[in-house]
Amino acid sequence: MQKLSEIKKSLLVSFWFMFLTFPIMVIRVNPIEKIVQWRWRNLLLVGMGSFILSFVWRYMIRQKESGMKKTGADDLQSMPLIDRVRKEQRLYIPILVVLSVFGILFPFIFSVYQVNIMTTALMYVVLGLGLNIVVGLAGLLDLGYVAFYAVGAYTYGLINHHFGLGFWAVLPAGAFMGALFGIFLGFPVLRLRGDYLAIVTLGFGEIIRLVLENWNDFSFGPSGIANIERPSFFGMQLSLQNATIYIYFLMIALALFTVFVVNRLQNSRIGRAWVALREDEIACQSMGIDKTKTKLSAFALGATWAGMMGVFFAAKTTFINPASFTFLESAIILSIVVLGGMGSIAGVIIGAFVLILLPEYLRAFSDYRMLLFGAILVIMMVFRPQGIISNVRRTYKFKGTNIHGDQNK
Amino acid sequence: MKRVMEIHGLTMDFGGLRAIDHLDLEVREREILALIGPNGAGKTTLFNCMTGIYTPSEGSMIISPPGKKPETIRGLKPNIVTRKGITRTFQNIRLFPNMTVLENVMIGRHCRTRSRIAGALFRGKTTIREEQATVEYSYHILEKIGLAKYVNDFAGILPYGAQRLLEIARALATEPFLLLLDEPAAGMNPQETGELDELISRIREEEKISILLIEHDMRFVMSISDRIAVMDYGKKIAEGTPEEIRSNQAVIKAYLGEEFVA
């Protein structure tokens with residue numbers, strides 16, 4: 001009986017879709033020959049397709065619900081693969097070894113083009129981890145994160161253009177400028193949270209971009225800055241291919257450094273304060289945490305990584321203009337954090353690779369890129385709203401009064 | 001007996017509404033003082049004033065923690081008030097649901113520790129030692145309150161009664177001299193209330209602190225408190241031992257209405 005009602009529901013869905021897509025999928029007006037073509041075959045295809053999709057969809061939702069009931073028994077076998085990999089050392093270490101060997105050999109096996117894509121993906125890993133401090137840990141929804149990225153990029157671009165300073169000298173300066181702008185943004189929004197904070201940060205991101213676009217004397221406007229120096233290797237300038245490989249390894253080092261820092265921060269006194277701030281602002285204050293300092297430090301630290309990546313971006317592409325720092329960029333970084341799982345380092349890394357590498361390798365379907373992107377996000381929100389890897393907190397083992405901190409992530 | 005906190009002429013206005021009206025109250029050393037009154041009498045507002053969430057319109061609040069000089073806490077931010085030694089729990093539970101039970105208590109240690117970002121990055125000796133001490137102290141409190149078995153669970157999945165206790169544990173981690181409990185027994189069954197009664201008395205003995213609590217369960221209030229203060233429409237209408245309050249005409253009028261006054 002249940003099957004019948006399922007079929008009925010799916011039929012309804014398919015009729016609805018057939019009706020909705022009728023004007024674009026069936027009718028084609030040919031203005032030259034002045035005839036109207038009726039493509040009834042398309043209607044049939046849409047109907048069948050949506051019927052099957054809706055059936056599968058409902059089946060998966062049912063599976064998910066029955067899965068939820070079962071998880072009462074904490075059985076290792078029934079856990080999703082990703083959670084299992086994290087829990088079991090046996091699986092964890094070999095995977096890590098394989099990944100690092102692959103990472104080291106990568107530029108010697110694949111072409112310059114591939115190496116470039118991988119470097120970009122790693123940049124987004126770092127950007128994601130930086131935004132993860134602000135959004136994932138401290139719970140401050142920042143839609144203007146790309147502004148700090150732009151600040152870093154222009155710091156390097158302008159200093160290099162006017163004073164000729166190299167990448168290594170400007171990298172700390174870019175990080176510092178990022179942090180400074182993070183605090184600039186942080187001060188006025190201290191009292192805001194949720195939607196209101198999102199709107200103000202969105203505005204901030206646009207302001208930075210518009211200033212860069214219109215203040216010609218300062219930033220050279222939409223034409224941008226060209227011929228920015230690549231990172232030098234102990235004073236030597238490298239050929240294009242060697243430079244690409246060098247930048248790739250630099251990026252790996254920076255990504256590892258970021259993972260190290262974020263990992264240490266998130267289980268420290270200050271990291272706990274960020275999470276408490278995310279969970280409940282009033283309770284957090286009442287437990288003796290200075291809201292102002294905590295928020296500002298989250299903004300500043302998140303922006304530091306964006307500033308550093310900005311410098312890196314300018315050095316990698318050797319050309320910057322305001323078009324690289326649009327809202328879409330912020331949205332992608334935010335999607336990485338949300339898709340990966342807020343507050344989880346491994347999640348953000350996986351999220352960055354999925355969202356940056358997939359579109360690159362799916363160039364054949366580039367017309368449908370945004371459609372796929374949207375579909376992935378919708379499917380994620382339905383089936384795994386907590387992200388690929390859900391919120392993990394450090395656990396501690398106690399034997400009597402003997403205390404060991406146990407770091408298993 | 002020595003006073004740890006004195007409130008004089010405290011007034012709190014919200015626009016035209018006077019939630020607290022020239023209230024005087026004192027809290028003595030190591031006493032359990034209950035604050036009762038009908039709904040909307042201004043009890044929770046008083047808590048919010050005392051912990052710095054609201055700044056009162058008028059009046060003074062002076063604390064004299066044992067062994068320290070008296071000072072005013074009016075106009076201080078909530079986190080500073082907590083550091084001075086007044087902590088609270090909330091009427092509707094405000095835990096950090098996506099943190100573990102232990103971490104919730106460790107947050108309470110925040111104002112008694114000082115490691116900073118650089119410390120977290122380099123993990124020097126002082127930071128490691130401080131972190132270790134925080135973990136041990138927090139676990140010790142959980143053992144005392146009886147929540148040690150939940151130590152690595154997320155706070156959000158705890159049973160209701162345990163969540164209430166965790167709020168108390170978290171507050172104790174800040175090492176207060178005055179603990180404010182906002183309806184700690186709300187939603188508990190009689191057995192749990194009995195256990196809470198015992199726990200609060202034990203906390204007073206072991207931690208040597210004063211406790212000010214808001215509660216509606218009269219049997220609980222009468223059995224636990226040394227003194228009771230009664231509020232109605234923002235004013236204090238009575239104060240005294242449980243026996244005195246039980247027979248106080250003004251209190252009976254406020255709770256039951258004019259016709260019940262003997």
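A note on names: the letters A, B, ... follow the listed sequences, proteins ahead of strands, and every chain is numbered from 1.
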- Side chain / backbone / both / neither for B:R112 at chain A, heavy atoms under 4.5 Å: neither
Are more than 12 heavy atoms, taken from residues, nucleotides or ligands other than [X], located less than 6.0 Å from that residue's [atom1] atom?
{"X": "B:Y137", "atom1": "OH", "result": "yes"}
{"X": "B:Y160", "atom1": "OH", "result": "yes"}
{"X": "B:R202", "atom1": "CZ", "result": "yes"}
{"X": "A:Y196", "atom1": "OH", "result": "no"}

- side chain to side chain contact (heavy atoms under 4.5 Å, CB included) assessment of A:I282 paired with B:R94: CA-CA 8 Å; A:I282 291 184; B:R94 277 177 174 274; 3.7 Å; yes
- Query: Just how far is it from atom CG of A:N267 to atom CE of B:M106, taken to the nearest 0.5 Å?
  - Reply: 8.5 Å
- Query: Going from CD on B:E130 to OG on A:S268, what distance comes out if it is rounded to the nearest 0.5 angstrom?
  - Reply: 10.5 Å
- Query: Do any N or O atoms from the side chain of B:N79 and from the backbone of A:K291 form a donor-acceptor pair under 3.5 angstrom?
  - Reply: no
- Under 3.5 Å, side chain of A:E279 to main-chain N/O of B:L95, donor-acceptor pair present? no
As an exercise: rank [options] by heavy-atom pairs under 4.5 Å with chain A and give me the winner.
{"options": "B:I107, B:I86, B:I53, B:N98", "result": "B:N98"}
{"options": "B:T87, B:T100, B:I117", "result": "B:I117"}
{"options": "B:E131, B:R109, B:R88", "result": "B:E131"}
{"options": "B:V81, B:T174, B:V151", "result": "B:V151"}

Might you point out which heavy atoms bring [X] and [Y] nearest each other, and give the distance in Å?
{"X": "B:C111", "Y": "A:M287", "answer": "SG-O, 4.3 Å"}
{"X": "B:F90", "Y": "A:S286", "answer": "CZ-OG, 3.5 Å"}
{"X": "B:V135", "Y": "A:Y396", "answer": "CG2-CE2, 3.7 Å"}
{"X": "B:H110", "Y": "A:G288", "answer": "CD2-O, 3.9 Å"}

- Steps toward side chain to side chain contact (heavy atoms under 4.5 Å, CB included) verdict (B:T51, A:Q285): CA-CA 10 Å; B:T51 50; A:Q285 269 182 300; over 6 Å; no
- Applying a strict 4.5 Å limit to non-hydrogen atoms, the region of A:T292 in contact with chain B is side chain
- Message: Determine whether B:M99 and A:R272 satisfy the following criterion, side chain to side chain contact (heavy atoms under 4.5 Å, CB included), listing intermediate values before the conclusion.
- Response: CA-CA 9 Å; B:M99 296 174 88; A:R272 282 193 301 270; 4.2 Å; yes
- Message: Between A:R269 and B:T113, is the side-chain hydrogen bond (donor to acceptor under 3.5 Å, both in side chains) condition met? List the steps.
- Response: CA-CA 8 Å; A:R269 174 173 177 265; B:T113 47; 2.9 Å; yes
- Note on the structure: Given A:I270, A:L265, A:V275, A:I289, the one with more heavy-atom pairs under 4.5 angstrom with chain B than any other is A:I289
- Message: Please rank A:C284, A:G271, A:S297 by heavy-atom pairs under 4.5 Å with chain B and give me the top one.
- Response: A:C284
